[in-house]
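Computed from a predicted model, the values in this text were never measured in an experiment. Below, chains carry the letters A, B, ... as their sequence lines are ordered, and counting in each starts from 1.
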Amino acid sequence: MDHGENAGTAAAGSARPPAGNGSAPSLPERYDPAAVETAAQAFWDETDTFRVTEDPSREKFYCLSMFPYPSGRLHMGHVRNYTIGDVVSRYQRMRGRNVLQPMGWDAFGLPAENAAIENRVPPAKWTYRNIADMKAQLRRLGFGYDWSREFATCTPDYYRWEQWMFARMYEKGLAYKRNAEVNWDPVEGTVLANEQVIDGRGWRSGAPVERREIPHWFLKITDYAEELLAGLDGIGWPDAVKTMQRNWIGRSEGVEFDFAPAGGGAPVTVFTTRPDTIFGATYMAVATGHPLAAEAAAADPAVASFIEECRRMETSEASLETMDKQGIAIGRNAIHPMTGEEIPIWIANFVLMSYGTGAIMAVPGHDHRDHEFATQYGLPVTQVIRPADGEDLDIAAGAFVEPGIVMNSGQFDGMTSAAAFEAIADWLETTGKGRRTVNYRLRDWGVSRQRYWGCPVPVITSEKRGERPVPAERLPVVLPEDVNVSGGGSPLATLPEFVETTDPETGDPARRDTDTFDTFMESSWYHARFASPDCDTGMVDARADYWLPVDLYIGGIEHAILHLMYARFFHKVMRDEGLIESDEPFANLLTQGMVLNETFYRGDPNGGATYYSPMDVDMERDDKGRVTGARLTADGEAVTVGRLEKMSKSKNNGIDPADMVGRYGADTIRLYMMMQSPPYQTLEWSDAAVEGAFRFLRRLWRMVADHVAAGPVADLATDRLTPDQRALRRKIHETIAKAGDDVGRRYTFNTAIAAVIEMLNALRARDDATPQGRALHREGLRAAILLLAPVVPHVAHALWPALGGEGPVVDAGWPEADPTALQRDTVTLVVQINGKLRGRVNVPAGAERDEAEAAARANPNVARHLEGRSARKVILVPDRLLNIVV
RNA sequence: GCCGGAGUGGUGGAAUCGGUAGACACGACAGACUCAAAAUCUGUUGCCUGCAAGGGUGUGCGAGUUCGAGUCUCGCCUCCGGCACCA
């Protein structure tokens, strides 16, 4: 019986005449990726497939991948990120959702300035050219973006709203100015990014960097600390990322109290989370930037030179925390508020001005760092907590940091740490010497950058009225684009036509701020801008509330803290400004792992190394396929095999996606990326596995072509199948169920693809030419094409009509498993004796313990192991396992 | 240093809620086809032992909980990400 539904739906590029009676479409025998991909992409372009509009009658799905910095070349990390996003987007579309998948450009940043210095190209020109190149590469990969929403953050249409937002924050008291430390290159006379400091020296000048204080604008993210913490509970993010954000916010409850300097002077406030150890404070320490340190430096040249020494240090926390602990006594004492005893005041390089009050009570007995410092400088160590289990310990040998029982603490002796916390806090509060307080590790966000290629800080200063943001109707403050960047400070300060302006209200002469914003500002709200990219009346308009929040946000794990925290903060400020309704920007988050590759190098005499591209190296392997060495193809000489590293320019181990697409086509690269490992793990590049992905597509194509060539197919009559055919059909529907769960819930695309391959292998292993056999074969092939369509959309686009699919495969419904096909009469039960596998038995599905045990005992190998022993316990995991304990 | 994560065959990985360790793929080896090669197809493939049936062993290292641990707990080792101016 003829189906008839296939009539007239031949694939594009079909070369062969129709088979049989003319109703079956035919396919080219060979898989030709270039032809297939050109045709599919032309179809999507012509029909504007991925352009979306708001439709309240349909459920929306907003899938967002972190937009790229336009470096010029797409790298494999991008391809991985965007393939994941495209797979999810196409899957949700097949499930009937109104899917928004936009793309844009995070276009401001340091690399454009570096490129400008190296190549003498203005950053704007360089950036726009890169955007054009990268866009072409993205299109070639077949990602389903709504390009009508594209924007670059370096355009005034975008950043004017960022400037507007800054002005609003200023008016609400969320933006303020104070001094902050930067890395200063004394030779270049510029501020260096942490990345530009290598081993404490400027990367270009080689000069030791210094810490220097300059005025900066700050945003009060700390006002939102409590909400940023609470909001984590309600979002579908990986636990690891939520934990990192919680720890970054670092909410801690403790007490704040004052030490009075002996001999008078302003009291010094300290914060501690361990008031139970307060009697163990044997000295106090302040940061080098603390007022008390400045006071001491003025009086004592030794102190001044110590502080000067500490200044020759980069600003990153990692370097501050790993350096040797050093300090100097200022020669004054402080009065302990509880004992009345005097303890010495030290300046210590490990006390951070930016955390707490910039001063600490040091309890060497019960804090590792205080202990290390005390030991180094011979300061006394007092034990005031003992272990609750009565264990003896030598406090001089190391700090005891756990809670325990209080000792050597007067009236508080014998209390638990928890009880002493409350009692001592009460005592401080009733005597007025201190108070309970909540402290956060989170610091306000410094957004000023002394750079050119960024969004200008929209602030003017006039003599009469001082510093004020530019009024909304005067925005944007446009960044001049036709400039020379030569290193040595921001060019903005040297452009009088930029700097010199007038106060818009009084007409008085005024000067512009010549700093630009941190580029994290742009990436903090682009997710919202995609909903209304052309809005010229505000940051966003009403369309934003249709699309927001983002349903799935995908990007690198390296953004787990900073970018994701800043975007959450901005979103909440926008909500409080009445611009959007949602509380959180990203309802769900998928953090992808990095793309790694092997490295090959030769050391050179002066200690450096030359890295060679894996493409220029031949591997040597032993008979098991293990790598034993490598030689450079060019000269046949050995190169050292390094470790696996993230693909990068410096290690010369990048693989150019454009090359791979040229060789195998976009679908092969997409498939490879998705089948090689789950998205949240690192992915190790393998040429051989790419080849394997290509071979699979060729095999799939052949299977479909052969099936179609064999002529028309009968309708499937599920009630007339042989037991073998029923088993095969169960396999097909188990695969549909598993792949759907893997793609939709688990995002483990690798296991979904493996399941489909397994099913296709089963299909191929059975050469069943009966009418029902062929119908079943078609059901399996159609399921495979639908399940793979999000991953290899071009191939699916070509094969779907050949299998009788109606309409383009992008809008075909995602397959659902037929529950009747999944039913089993019997199951295989694993039989263990004392937890060791001794056999397998078939039992009716749902068999109870007695029945299962009887079946197990009938198995000869099981019986042999049970001989002469009686069962003490029998454990049944229904339909899975039976464990007999003897 | 602090915070977070990872470690399973020759390789990438699978094992989803504590229940068959190694699905699927790559590689390797053997065979078929071929004048030959490529391509394709078939088979074998954790390690030790055994003619076989089978047995032992095995998830970075060391302990523990459990009838049962790759999975949970504790202590280590190694590697990766982040640490506020790379994005």
Electrostatic pair A:Asp444-A:Lys220, nearest N-O below 4.0 angstrom | no
Hey, is the side chain of A:Arg698 poking within less than 4.0 Å of OP1 or OP2 on B:U40, counting only N and O atoms?
-> yes
Within the structure, does a side-chain N or O atom of A:Arg838 lie under 4.0 Å from either OP1 or OP2 of B:G56?
-> yes
Note: A:Glu758-A:Lys731 ion pair, threshold 4.0 Å (strictly below) | yes
Options B:U16, B:G27, B:G12, nucleotide nearest the side-chain atoms of A:Gln676 = B:G12
For A:Phe520 and A:Thr828, take the nucleotide of RNA chain B holding the closest heavy atom to each; which residue's nucleotide lies nearer the 5' end?
-> A:Thr828
Selection from B:U20, B:C86, B:G55 that lies nearest to any side-chain heavy atom of A:Val830 = B:U20
Report yes if at least one side-chain N or O of A:Asn114 is closer than 4.0 Å to OP1 or OP2 of B:C86; otherwise report no.
-> no
For A:Trp237, is the NZ or CZ atom of A:Arg568 found under 6.0 angstrom from the centre of its six-membered ring and inside 45 degrees of the ring axis?
-> yes
Do A:Val690 and A:Phe694 have side-chain heavy atoms sitting under 4.5 Å apart?
-> no
Give a yes/no answer on whether the side chain of A:Arg864 brings an N or O atom under 4.0 Å of OP1 or OP2 in B:A53.
-> no
Any side-chain N or O of A:Asn861 less than 4.0 Å from the OP1 or OP2 oxygen of B:G55?
-> yes
Would you name the heavy atoms of A:Trp453 and A:Cys154 that are closest together and state the gap between them?
-> CZ2-CB, 3.8 Å
What interatomic distance, in whole Å, is found between C1' of B:G81 and the corresponding atom of B:C86?
-> 14 Å
Check: A:Arg702 side chain, B:U40 base, donor-acceptor under 3.5 Å = no
Does a nitrogen or oxygen in the side chain of A:Gln681 sit under 4.0 Å from OP1 or OP2 of B:A14?
-> yes
Within the pair A:Asn247 and B:G4, is there a side-chain N or O less than 4.0 Å away from OP1 or OP2?
-> yes
Dot-bracket line, read 5' to 3' along RNA chain B, where crossing pairs take [ ] and | marks a partner on another strand, Watson-Crick or G-U under 3.5 Å | (((((((..(((......[....)))((((((.......))))))((((....))))..(((((..]....))))))))))))....
Does A:His563 have a side-chain nitrogen or oxygen under 4.0 Å from the phosphate oxygens OP1 or OP2 of B:C86?
-> no
Compare the minimum distances between each of B:A84, B:A87, B:U40 and the side chain of A:Tyr566, then state the nucleotide with the smallest one.
-> B:A84
According to a strict under-4.0 Å criterion, is A:Arg764 in side-chain N/O contact with OP1 or OP2 of B:C41?
-> yes
Sticking with atom P, work out how far B:A36 lies from B:U44, rounded to a whole angstrom.
-> 26 Å
Choose from B:C24, B:C41, B:A87 the nucleotide whose nearest atom is closest to any side-chain atom of A:Arg699.
-> B:C41
Using the P atom on both, measure B:U11 against B:C48 and round to a whole Å.
-> 15 Å
Run the salt-bridge test on A:Glu188 and A:Arg204 with the 4.0 Å N-O cut-off and return the result as yes or no.
-> yes
Give the nucleotide from the list B:C67, B:U20, B:A23 with an atom nearest to the side chain of A:Asn883.
-> B:C67
Examine B:G13: is either OP1 or OP2 under 4.0 Å from a nitrogen or oxygen in the side chain of A:Ser677? Give yes or no.
-> no
So, is A:Arg443 close to the B:C85 phosphate, meaning a side-chain N or O under 4.0 Å from OP1 or OP2?
-> no
Provide the distance between the two P atoms, one in B:A23 and one in B:C33, to the nearest whole Å.
-> 30 Å
Centroid-to-centroid, A:His78 to A:His75, below 6.0 Å?
-> yes
Which comes earlier along RNA chain B counting from the 5' end, the contact point of A:Ile753 or that of A:Ile875, where each point is its nearest nucleotide?
-> A:Ile753
Considering only side-chain heavy atoms of A:Ile757, which listed nucleotide, B:U16, B:G19, B:A25, is closest?
-> B:A25
Is any side-chain nitrogen or oxygen of A:Asn750 closer than 4.0 Å to OP1 or OP2 of B:A14?
-> yes
Say whether, by atom type as modelled, one donor and one acceptor occur between the side chain of A:Asn834 and the main chain of A:Val886 under 3.5 angstrom.
-> yes
Report the residues that fulfil side chain to side chain contact (heavy atoms under 4.5 Å, CB included) with A:Lys177, sequence neighbours left out, ordered by chain and then residue number.
-> A:Pro215, A:Trp217, A:Glu467, A:Asp513
Under 4.0 angstrom between A:Lys836 side-chain N/O and B:U57 OP1 or OP2 | yes
Using 30° and 60° as the class limits, which term best fits the ring planes of A:Phe569 and A:Tyr224: parallel, tilted or perpendicular?
-> perpendicular
Look at the side-chain N and O atoms of A:Arg441 and state whether any lies under 4.0 Å from the OP1 or OP2 oxygen of B:C3.
-> no
Any donor-acceptor pair under 3.5 Å linking the side chain of A:Arg211 with the backbone of A:Cys310?
-> yes
Out of B:A84, B:G27, B:A14, minimum distance to the side chain of A:Thr751 belongs to B:A14
Nearest-angstrom distance, C1' atom, B:A25 to B:U45 | 14 Å
Looking only at B:A25, B:C26, B:U20, the nucleotide nearest the A:Asn761 side chain is B:A25
Could you measure between the two P atoms, the one in B:U20 and the one in B:A15, and give it in whole Å?
-> 13 Å
Could you tell me whether the side chain of A:Arg880 has a donor or acceptor atom within less than 3.5 Å of a complementary atom in the base of B:U20?
-> no
Provide a list of protein-nucleic acid N or O atom pairs under 3.5 angstrom, restricted to nucleotides 78-81 of chain B.
| from | atom 1 | to | atom 2 | distance (Å) |
| --- | --- | --- | --- | --- |
| B:C79 | O3' | A:Arg643 | NH1 | 3.4 |
| B:C80 | OP1 | A:Arg643 | NH1 | 2.8 |

Taking every non-hydrogen atom, the tightest pair across A:Pro238 and A:Thr591 | CG-OG1, 4.0 Å
